[in-house]
Amino acid sequence: MCSEKNGAAKGRQNKGDLILKRQMIIKKLILLLLLCGAPGIVPVFAVDSSTSEAYRQIDTAFTNRSDKELDTVLRREQGNGNYDLIEAYTMKKIRRLIVSNDFEFAGQTILVVIDNNLENTEAVEMYAAVQDSLEKQEAYEKQQEARKVAERERIEREKEAQRKKADREFRTVKTASGDSVYLTGKEEKYSSVYWNACFGLADLMFVSETPDDYNSLRYGLSAAFTYEYEMRQKYIFGVDASAEGIILPLYNDDKTMLGSVKIAPKISFAGFNKNIFLRAGFASLITAAAGSETVLQGNFLTPLVGVGFNHAKLGNMTLSGFYDYYPGHFFYGNINSAMGAGLNMALPIAEMERIQLNFNIGLNDNLYIKKDGIENRAGVVIAIGVENVTE
């Protein structure tokens, strides 16, 4: 019994020793594999770390939009075993630039790739495509810029036309800073045509003549009409016409009737002064003796040349006037010179839409300088006038 127990115990001991030996062998094999594999594992991790650093520097170069930084990275990494990966990553970044239409920087970075690898045919083809796209983009941008310039010029022309229109239709005043401010005005009232008609309810004429010491105060009626047309804000063409008949002597028993008719076309140069006119026309000063002799000058027909003015403001009043020279006196032996003048003051009474009523007081005079004396026909006219409203 004892020997059997001793044998069993010995067998178990031998079996345990065998297991321990096997465990030791496995540990040695694992250690040997680790020792043999470590030199290969370390370089693998070292390469991945270097490539990641290159990626990061490439990202920085693209963020800074610096082709020089990118060139520095690629030149340094040319000896890297993973340069193809680094170059592929760079091309990926370039494609993103192309997608976002950043052709200029894309072309610069492709040149960097080509400079560092002349055998990269993909980069060469991409550069050609980018240059073509860049030319198209520049042509499009020039076209758009030309359209913007044309649009700005069109807007400026419209603004200038609106300013000119406003200058015609509105009154302006200067502020303390020198800027122009438009006052009230109505577009529908503006017109390039101006007209004015007056009917003289009372035309009182005082006639004097020397050396016969002739004096007479007479009453009559009169009418006047003015028409003006403004052309392109440069010229104003018009005509002044008037007629009067002095039929009733208030004292002096001379029954002679007096009268006059004048037609005077005129022109104004707006660049100089649109209120001053040069005029030339025809005048007829009429003397109709009532079956008896008279000391007054007979009928006098003459051309006229002169100067006039209109639309001059004095408070609420509008002043107009003229001075005419009658060269027809050369055809009359007893007259050395002859001339006429007039002044009218119009005070607004009422304005109705485009029509304005005025109360007018006028002074008229026709003067003969004779060889043996002077004859003067001076008158005061009280009239009602009507005119169109142009501003």
Side-chain angles (χ1 to χ4, degrees), residues 196-226 240-264 279 281-302 304 306 308-310 312 314-326 335 338-349 357-370 373-387:
N196 181 299
C198 289
F199 178 71
L201 302 177
D203 190 340
L204 299 176
M205 178 181 290
F206 180 77
V207 183
S208 63
E209 197 273 343
T210 62
D212 295 304
D213 197 24
Y214 177 93
N215 294 292
S216 177
L217 180 63
R218 299 167 177 268
Y219 171 85
L221 301 175
S222 64
F225 180 77
T226 294
D240 292 331
S242 64
E244 64 179 348
I246 310 301
I247 56 177
L248 179 64
L250 299 181
Y251 74 85
N252 189 320
D253 200 28
D254 186 358
K255 300 296 190 296
T256 301
M257 291 187 296
L258 305 177
S260 68
V261 176
K262 287 186 179 181
I263 299 177
R279 44 188 263 158
F282 176 82
S284 174
L285 306 183
I286 302 169
T287 303
S292 61
E293 294 294 330
T294 179
V295 298
L296 301 178
Q297 174 63 36
N299 293 334
F300 180 70
L301 305 179
T302 177
L304 67 84
F309 69 93
N310 200 357
L314 181 62
N316 291 333
M317 290 190 301
T318 301
L319 303 181
S320 60
F322 65 90
Y323 170 81
D324 294 330
Y325 171 67
Y326 302 145
I335 302 176
M339 62 202 71
L343 177 66
N344 184 74
M345 296 170 285
L347 184 65
I349 300 175
L357 296 179
N358 300 320
F359 175 75
N360 294 266
I361 299 177
L363 302 174
N364 293 317
D365 187 65
N366 288 299
L367 176 67
Y368 298 110
I369 300 177
K370 300 179 180 180
I374 294 175
E375 180 180 326
N376 190 42
R377 302 181 182 184
V380 177
V381 180
I382 298 175
I384 295 298
V386 58
E387 65 180 22

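What you are looking at is a predicted structure, and each value in this text was computed from that prediction instead of being measured.
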Go through it in stages, so that I can follow the logic: the residues are Leu301 and Phe282, the test is side chain to side chain contact (heavy atoms under 4.5 Å, CB included), and I'd like the CA-CA distance, side-chain angles, deciding distance and then a yes or no.
CA-CA 8 Å; Leu301 305 179; Phe282 176 82; 4.2 Å; yes

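- The two residues Thr294 and Ala289 come nearest to each other via the heavy atoms CG2-CB, 4.1 Å.
- Looking only at side-chain heavy atoms (C-beta outward), Ile384 and Ile349 come within less than 4.5 Å of each other.
- Across all their heavy atoms, Gly200 and Ala383 have their closest contact at CA-CB, 3.6 Å.
- Partners of Ser320 under the side chain to side chain donor-acceptor pair (under 3.5 Å) rule, at least two apart in sequence or in another chain, do not exist in this structure.
- By the 4.5 Å heavy-atom criterion applied to side chains, Ile369 and Met339 are counted as neighbours.
- Under the rule for a salt bridge (Lys or Arg N to Asp or Glu O under 4.0 Å), Glu244 has no partner lying at least two apart in sequence or in another chain.
- By the 4.5 Å heavy-atom criterion applied to side chains, Phe359 and Ile361 are counted as neighbours.
- For Val207 against Arg218, the heavy-atom pair with the smallest separation is CG2-CD, 4.3 Å.
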Could you go step by step and tell me if Asn215 and Ser208 meet the side-chain hydrogen bond (donor to acceptor under 3.5 Å, both in side chains) rule?
CA-CA 5 Å; Asn215 294 292; Ser208 63; 4.9 Å; no

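- At a threshold of 4.5 Å between non-hydrogen side-chain atoms, the residues Asn196 and Asn358 count as touching.
- Lys370 and Glu209 make their closest contact through NZ-OE2, 3.9 Å (heavy atoms, listed as atom of the first residue, atom of the second, distance).
- Here the CD-CG distance, from Glu387 to Leu357, works out to 9.5 Å after rounding to the nearest 0.5 Å.
- Scanning all heavy atoms of the two residues, the minimum distance from Lys262 to Ala283 falls at CG-CB, 3.8 Å.
- Nearest approach of Tyr368 to Ala338, heavy atoms of both residues: CD2-CB, 4.1 Å.
- Inter-residue side-chain proximity for Thr210 and Ile374 is flagged as met; some heavy-atom pair is nearer than 4.5 Å.
- Expressed to the nearest 0.5 Å, how far CE of Met205 lies from CG of Leu258 amounts to 6.0 Å.
- Applying the 6.0 Å contact sphere to CG of Leu319 captures more than 12 heavy atoms from other residues, nucleotides or ligands.
- For the side-chain contact (heavy atoms from CB on, under 4.5 Å) with Ser260, the qualifying choice from Asn364, Ile246, Thr287, Leu285 is Leu285, the only one to do so.
- Within 6.0 Å of atom CG in Asn299, more than 12 heavy atoms from other residues, nucleotides or ligands are found, so the atom counts as buried in its surroundings.
- Side-chain atoms of Phe309 and Leu343, non-hydrogen and from C-beta on, do get closer than 4.5 Å to each other.
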Dump the intermediate steps for side chain to side chain contact (heavy atoms under 4.5 Å, CB included) on Val380 and Leu363, then the final yes or no.
CA-CA 5 Å; Val380 177; Leu363 302 174; 3.8 Å; yes

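- For the atom pair Thr256 OG1 and Ile247 CD1, the distance stands at 14.0 Å (nearest 0.5 Å).
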Step by step, would you call Asp240 with Ser242 a side chain to side chain contact (heavy atoms under 4.5 Å, CB included)?
CA-CA 7 Å; Asp240 292 331; Ser242 64; over 6 Å; no

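- Rounding to the nearest 0.5 Å gives a distance of 10.0 Å between CG of Asn366 and CD of Glu375.
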Side chain to side chain contact (heavy atoms under 4.5 Å, CB included) between Asn360 and Val381: does it pass, once the steps are laid out?
CA-CA 8 Å; Asn360 294 266; Val381 180; over 6 Å; no

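- In terms of the side chain to side chain contact (heavy atoms under 4.5 Å, CB included) criterion, residue partners of Asp365 (sequence neighbours excluded) are, by chain and number, Leu367, Asn376, Ala378.
- Here SG of Cys198 is found 13.0 Å from CD1 of Ile382. Values are rounded to the nearest 0.5 Å.
- Atom CZ of Phe300 sits about 8.0 Å away from atom OH of Tyr326, to the nearest 0.5 Å.
- For Met345, the CE atom sits in a packed shell: over 12 heavy atoms of surrounding residues, nucleotides or ligands are nearer than 6.0 Å.
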